[in-house]
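Heads up: the structure comes next, in structure tokens.
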Amino acid sequence: AIADDSGLGSVGVEMAEDLLAEVLPKTVAPLPEKTSVLLEGVGLSKYNHILEREEFLPCDLLLCTDSDLKEIGLPVGPRVKLRNWIKSQLSQGPASAASVTGAT
């Protein structure tokens, strides 16, 4: 379950869990536990400080739009690269939510 430190209460947490349940099972490979590992894998490790500052987790990136990435300060090139990575993750087919989130 997602921790409720958002101030949205249980309704906000349930909505986030529902959204993740819809998106995450569509990925193929498990995501790395750390955003730094993911960014290194796509050649964008120099932008890790931005995602850490914004408290991103690897699974959060699957929910990002170009506007989201622009808002946090990523330049156009890295945004395009990340959006392509996101599209590839979401289009590769089904996988269990447990394998993606690391749940057992």
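A quick note: this is a predicted structure, and the numbers were derived from the prediction, not measured.
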*asked:* Starting from Val37, can I reach Leu82 by hopping between I/L/V/M/F/W/Y residues whose side chains sit under 4.5 Å apart?
replied: no
*Please name the pair of heavy atoms, one in Val42 and one in Trp85, separated by the smallest distance, quoted to 0.1 Å.*
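That would be CG1-CD1, 3.5 Å.
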_Could you report the tightest heavy-atom contact between Pro58 and Pro32, atom names first, then the distance?_
CG-O, 3.0 Å
*What pairs meet the salt bridge (charged side-chain N to carboxylate O under 4.0 Å, His left out) rule with one or both residues in residues 74-91, with sequence neighbours excluded?*
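Passing the test, one end in residues 74-91: Asp66-Arg79.
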For the atom pair [atom1] ([X]) and [atom2] ([Y]), what is the distance rounded to the nearest 0.5 Å?
X     : Y     : atom1 : atom2 : value
Leu63 : Asp68 : CG    : CG    : 9.0 Å
Ile86 : Cys64 : CD1   : SG    : 5.5 Å
Leu44 : Ile50 : CG    : CD1   : 10.0 Å

*Apart from Leu57 itself, which Ile, Leu, Val, Met, Phe, Trp or Tyr residues share its cluster (side-chain heavy atoms under 4.5 Å, direct or through members)?*
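Direct or chained contacts put Leu57 with none.
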*Remaining members of hydrophobic cluster (4.5 Å side-chain criterion), Val80*: Val76
*With Glu54, which residues qualify under side-chain contact (heavy atoms from CB on, under 4.5 Å), at least two apart?*
Phe56, Ile72
*Go through the structure and list residues passing side-chain contact (heavy atoms from CB on, under 4.5 Å) with Ser45, not counting sequence neighbours.*
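Checked Ser45 against side-chain contact (heavy atoms from CB on, under 4.5 Å); matches are Glu40.
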_Test item: Leu61 and Leu51 side chains (from C-beta on) under 4.5 Å apart, heavy atoms_ =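 Yes, side chains in contact.
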